[in-house]
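Reviewing the structure listed below.
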Amino acid sequence: MTYPSAVQAITVAETGGPEVLKKTEIPFPTVEPEHLVIKVDYFGINFIDTAYRRGIYPADKFPFVMGVEASGTVIRLPTDPAVLDDPDYQKRGYKQGSRVAVDTPGSHAQYISVSWRTLYPVPENIPASTAAASLIQGLTAISFMEESYNVQNGDIVLIHTIAGGVGVLMCQFAKYRGAIVIGTTSTKEKAELAKSNGADHVIIYKEEDAIARVLEITNGEGVHAIFDGVGKDTFEADFRMIRRKGTLVSMGGASGAVPPFPPLKLSEKNVTVVRPRMSNYVYTPSESLYYGNALFGLLSNSTLRPLIHKEYPFTTEGAREAQIDLMGGKTVGKLLIKVSG
């Protein structure tokens, strides 16, 4: 197959503000024998993109191709016999024209060459936009609620904050498992959104005392598990809202990193604290296949229903606007860039 000599991509030539983001032309990616080549339809926008752009996570070289999440179509299969004969590869049933979602750095380009280990098969009934909108947040929601704390029927869980991309999917998944869901958010509009996605109780933290409300709802016992993507601003309060032998899943730092604390603090209620990374739950081929099948199965039957805030154009201005909007905290749901017309 003949490929174009160059492709369009969202890149940065240096770290900095949104103004360093540019749509540029780069060489067609090197096609390794063990790789599949993907024609990309959508980019998913994530907070980690802003961290790479600002230099919080160092780039290995410049220009640096942005993005870790995309969806598209397979246009070339591996040629390496070791890959083609691998039973874990064969289970995925890839062929030319297969639809896939991608979780790998440097994915925000028209064409990408990637290892099969970073791909997830997408069923035909799932739109490409939904695949890009749900891959990372969906895998995070399911794996954290199965492994960081295994949410069970009747559990009471608290989600900080519940109206974001991960929060909404966690709410939906927890309700699917029969939990009672309490969420925090910043506005009445976001509270209504959370309730429409199954939340039993929503606390507007700018107007209410979250600790008092949680203890009121739980008759003073606290919740079985807290899924906290806020970090520094909520961490101390979490210890007052968790029940004895509860689990605190520290899963982000939107307000800043959680400060150091003495392990003895956990003994007050025999609390378990977990700081997971989704990639360590989908590390092996069998794990990624399990969670990918779980995610797309729940999307197929509408148990999980990702919210798409907006689709941005595949332009310099579109890339900048998407990151500005994401950092502004006013979006609800996923931000996408549409690549293919």
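- Side-chain contact of His108 with Asp49: a donor-acceptor pair under 3.5 Å is absent, judged by distance alone.
- We find that Glu236 and Lys265 are joined by a salt bridge, their nearest charged nitrogen and carboxylate oxygen being less than 4.0 Å apart.
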Show the numbers, then the answer: is there a side-chain contact (heavy atoms from CB on, under 4.5 Å) between Val12 and Tyr52?
-> CA-CA 9 Å; Val12 295; Tyr52 276 113; over 6 Å; no

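- Hydrophobic cluster membership differs between Ile226 and Met170, with clusters built from Ile, Leu, Val, Met, Phe, Trp and Tyr side chains linked at under 4.5 angstrom.
- Taken to the nearest 0.5 Å, the CG atom of Leu158 stands 12.0 Å off from the CZ atom of Arg243.
- Counting heavy atoms of neighbouring residues, nucleotides and ligands inside a 6.0 Å radius, atom CD1 of Ile56 exceeds 12 of them.
- Atom CD1 of Ile308 is separated from atom NZ of Lys334 by 10.0 Å, given to the nearest 0.5 angstrom.
- In this pair, Tyr94 and Tyr89 present their aromatic rings tilted. The plane angle is within the 30 to 60° band.
- In this structure, Lys269 fails the cation-pi test against Phe239, since its NZ or CZ atom is not both closer than 6.0 Å to the six-membered ring centre and inside 45 degrees of the ring normal.
- Side-chain N or O atoms of Asn46 include none that pairs as donor or acceptor with a backbone N or O of Ile48 at under 3.5 Å.
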Salt bridge (charged side-chain N to carboxylate O under 4.0 Å, His left out) between Glu34 and Arg117, intermediate numbers included = CA-CA 10 Å; Glu34 68 273 17; Arg117 293 174 179 270; over 6 Å; no

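- Two residues are said to be in side-chain contact when any heavy atoms from C-beta on lie closer than 4.5 Å; Tyr291 and Glu146 meet this criterion.
- In the hydrophobic clustering of this structure, Ile324 does not group with Ile337; members are Ile, Leu, Val, Met, Phe, Trp, Tyr whose side-chain heavy atoms approach within less than 4.5 Å, directly or through other members.
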Criterion side-chain contact (heavy atoms from CB on, under 4.5 Å) on Leu193 and Thr185, from CA distance to verdict = CA-CA 10 Å; Leu193 173 72; Thr185 194; over 6 Å; no

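- More than 12 heavy atoms of other residues, nucleotides or ligands sit less than 6.0 Å from atom CZ of Arg275.
- Applying side chain to side chain contact (heavy atoms under 4.5 Å, CB included) to Val271 and the options Ile242, Asp238, Thr247 leaves one that passes, Ile242.
- By the 4.5 Å heavy-atom criterion applied to side chains, Val274 and Tyr149 are not counted as neighbours.
- Here Glu216 pairs with Arg213 in a salt bridge; the nearest charged N to carboxylate O distance falls below 4.0 Å.
- A distance-only check finds no donor-acceptor pair linking the side chain of Thr161 to the backbone of Ala163 [under 3.5 Å].
- The aromatic rings of Phe173 and Tyr176 sit tilted relative to each other, their planes meeting at an angle between 30° and 60°.
- Put simply, Phe47 and Phe43 are part of the same group of oily side chains (I, L, V, M, F, W, Y) that touch within less than 4.5 Å, one to the next.
- A side chain to side chain contact (heavy atoms under 4.5 Å, CB included) with Val37 is found for exactly one of Thr73, Val74, Ile75, namely Ile75.
- If you chain together hydrophobic residues whose side chains sit under 4.5 Å apart, Phe235 and Tyr205 never meet in one group.
- Heavy atoms of other residues, nucleotides or ligands lying less than 6.0 angstrom from NZ of Lys22 number 12 at most.
- Checked by atom type and distance alone, the side chain of Arg54 never pairs as donor or acceptor with a backbone atom of Gly17 at under 3.5 Å.
- Proximity of a side-chain donor or acceptor of Arg76 to a complementary backbone N or O of His35 within less than 3.5 Å is detected.
- Counting heavy atoms of neighbouring residues, nucleotides and ligands inside a 6.0 Å radius, atom CZ of Arg277 does not exceed 12 of them.
- Within the 3.5 Å criterion, the main-chain N or O of Ser250 finds no donor-acceptor partner in the side chain of Asp228.
- Within 6.0 Å of OH in Tyr57 there are 12 or fewer heavy atoms belonging to other residues, nucleotides or ligands.
- Gln90 places a side-chain N or O within 3.5 Å of a backbone atom of Leu84 that can act as its donor or acceptor partner.
- Going from atom OG1 of Thr11 over to atom NZ of Lys23 covers 11.5 Å, rounded to the nearest 0.5 Å.
- In the hydrophobic cluster analysis, where Ile, Leu, Val, Met, Phe, Trp and Tyr join through side-chain heavy atoms closer than 4.5 angstrom, Phe314 is grouped together with Val20.
- From Ser107, atom OG reaches atom CD1 of Ile38 across 11.0 Å, with rounding to the nearest 0.5 Å.
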Evaluate side-chain contact (heavy atoms from CB on, under 4.5 Å) for Tyr281 paired with Thr140, printing each intermediate quantity in order.
-> CA-CA 9 Å; Tyr281 288 142; Thr140 298; over 6 Å; no

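- One distance of note links OH of Tyr42 with CD of Glu69; it measures 13.5 Å at 0.5 Å rounding.
- Within 6.0 Å of CZ in Phe261 there are more than 12 heavy atoms belonging to other residues, nucleotides or ligands.
- Inspection of the Arg92 and Ser288 side chains reveals an N or O donor paired with an N or O acceptor under 3.5 Å.
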